[in-house]
Structure formats: structure tokens, C-alpha cells
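A short worksheet on the structure shown next.
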Amino acid sequence: MSAALQTTAFGLALLSTLFLLLATCTDCWMVNADDSLEVSHKCRGLWRECVTNMQDGVRTCDQYDSILADHPVKIVVTRTLLIAADLLAGLALTTLLLGLDCIKFLKEDPCVKLKMCYGAGIILGIGSILGLVGSVWYAVDVYVERAMLVSHNIFLGVHYDFGWSCWLGMAGSTGCLAASILLTCCLH
């Protein structure tokens, strides 16, 4: 039972960490939410902004000036939290891999392997909370920005909604949290 639970938690953690990494690297955190008359599809990410022409499929991207340049707070905070979540999830995966019963590392000391699994669960939990806070922070900021424009009857030509990268970040963080709960609460 313990080996099956560990393997399930490892698989979930691996998939969720991949989701977090993809969310951090991809550039579609915000998408234009205008009507169907648009001739282009605009995505804003943490690192660049891309526009895809809907008629011929040509995609152009503009990198943000510099990582150290003045950026909106939502981008800086989300970058920081997601990079920290990625690093913690990677550390947790490594620790969990070494702590799995099916791995021969420290096979003669099952107590240490169990502690490694618990430690991986705690690290994964911290990373998942950072990832959730970063993803939700970004989503709330996008919503508040749009609500302010709508409440003041301001139309700037483009309204943005949550993109698939934002949803991917939330899904990855939630999966890491579920794997953390499996490792810390269900593992005997």
C-alpha cells in the first residue's frame, strides 16, 4: 500500500511540476477577450507579449525590455513566486525519488526513506502554496483591472481575460498540493 501511494504521489507531483514549469515559461497568462471581429489574438505572459494574426497564422512576440526593468507588480510577484515554486517542486521531486521504496538508495534504512518522503511532502506543500498565490494573484489583478475599466465605462480597444498559462499554473499548484497531502497525511 505504501509503495502504491508513494508512486501515485510521485506521478502526481511530476505531472504537476511539469505544469508549473510550463506555466512559468509560456506566454499566455492574459488573452484578449474581445468579440469575434478581432483579426489578431493577443497573449501577455510573464516574459513577453505575443500577437498571432488570425488570417495567416503569423506570430510575433516582443520580449519585455529587461528582467530588471520596471514592470507591473503583478508580473514581478508572479515571476518570483512561480520560480520559487518551480525550484521547490524540483527539490521535492528529487527528494521523493530518493525516498521511494522501489529505489535502492538507502534500502537498508526504511525509516530515513520515510522521512525523505515526509520532507518531500512538506517542501512540495510550500511550493504549491507559492504557486497558487502567484497564479491567483495574477488572475485577481487581471480581474480587478478589467472590473475597474468596466465600472468607469472605459473601453481601450482590448480587454484581457485569464489565459491558459494562468490556468496551468493553478492546476500545477493544486496537483502539487494534492501530492503533498498524500505524502504528509496518508503515508504511514
Side-chain angles (χ1 to χ4, degrees), residues 7-36 38 40-54 57-67 69 71-97 120-147 158-184:
T7 306
T8 302
F10 179 77
L12 182 59
L14 180 64
L15 182 66
S16 300
T17 301
L18 290 175
F19 281 1
L20 272 175
L21 286 169
L22 279 173
T24 305
C25 298
T26 53
D27 54 8
C28 211
W29 280 76
M30 290 171 49
V31 295
N32 60 327
D34 291 336
D35 58 7
S36 61
E38 284 292 318
S40 63
H41 178 72
K42 299 173 187 104
C43 281
R44 285 188 183 170
L46 302 177
W47 311 102
R48 61 188 179 169
E49 183 173 342
C50 295
V51 177
T52 305
N53 188 325
M54 300 304 277
V58 175
R59 184 173 192 217
T60 58
C61 294
D62 292 329
Q63 299 280 14
Y64 296 144
D65 293 339
S66 167
I67 294 175
H71 294 294
V73 173
K74 72 180 171 194
I75 289 179
V76 175
V77 169
T78 305
R79 278 181 185 173
T80 305
L81 291 172
L82 259 72
I83 288 171
D86 293 341
L87 292 172
L88 287 172
L91 176 65
L93 271 177
T94 305
T95 306
L96 179 58
L97 182 63
I122 291 169
I123 295 169
L124 204 56
I126 294 168
S128 69
I129 290 170
L130 293 177
L132 273 174
V133 168
S135 300
V136 171
W137 168 283
Y138 196 93
V140 167
D141 198 61
V142 169
Y143 175 77
V144 167
E145 182 180 312
R146 183 170 182 174
V158 177
H159 289 292
Y160 285 94
D161 233 347
F162 315 131
W164 60 269
S165 297
C166 187
W167 293 112
L168 202 59
M170 288 183 204
S173 299
T174 304
C176 284
L177 185 61
S180 172
I181 290 170
L182 279 176
L183 290 169
T184 56

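Between Cys50 and Cys28, a gap of 2.5 Å or greater is found separating the two SG atoms.
The two atoms that bring Thr52 and Arg59 nearest to each other are OG1-CG, 3.5 Å, heavy atoms only. For the residue pair Arg48 and Asp62, the shortest heavy atom distance occurs at CB-O, 3.2 Å. When all heavy atoms of Gly172 and Phe19 are compared, the closest pair comes out as CA-CB, 3.7 Å. Of all non-hydrogen atoms in Gly90 and Thr17, the two that sit nearest each other are N-CG2, 4.4 Å. When every heavy atom of Ser128 is checked against every heavy atom of Cys176, the shortest pair comes out as CB-CB, 3.6 Å. Of all heavy-atom pairs between Thr78 and Trp137, the closest is OG1-CD1, 3.8 Å.
Counting only heavy atoms from C-beta outward, the side chains of Trp47 and Asp27 never approach each other to under 4.5 Å. Residues Trp29 and Ile75 form no side-chain contact, since every pair of their non-hydrogen atoms from C-beta on lies 4.5 Å or further apart. In this structure the side chain of Thr8 never reaches within 4.5 angstrom of the side chain of Leu12, judged on heavy atoms. Within the 4.5 Å cutoff, no side-chain heavy atoms of Leu81 are placed close to those of Tyr138.
Between Ile123 atom CD1 and Thr95 atom OG1 the span is 4.5 Å, to the nearest 0.5 Å. Between atom CG of residue Leu93 and atom CG of residue Leu124 there is a gap of 7.0 Å, rounded to the nearest 0.5 Å. In this structure, CD in Glu49 is found 8.0 Å from CE in Met30, a value given to the nearest 0.5 Å.
Taking the side chain to side chain contact (heavy atoms under 4.5 Å, CB included) definition, one finds that Asp86 meets it with Leu20, Leu21, Thr24, sequence neighbours left out.
Of the possible donor and acceptor atoms, none in the side chain of Asn53 sits under 3.5 Å from a partner among the backbone N and O of Val58. No donor-acceptor pair closer than 3.5 Å links the side chain of Ser165 to the backbone N or O of Ala23.
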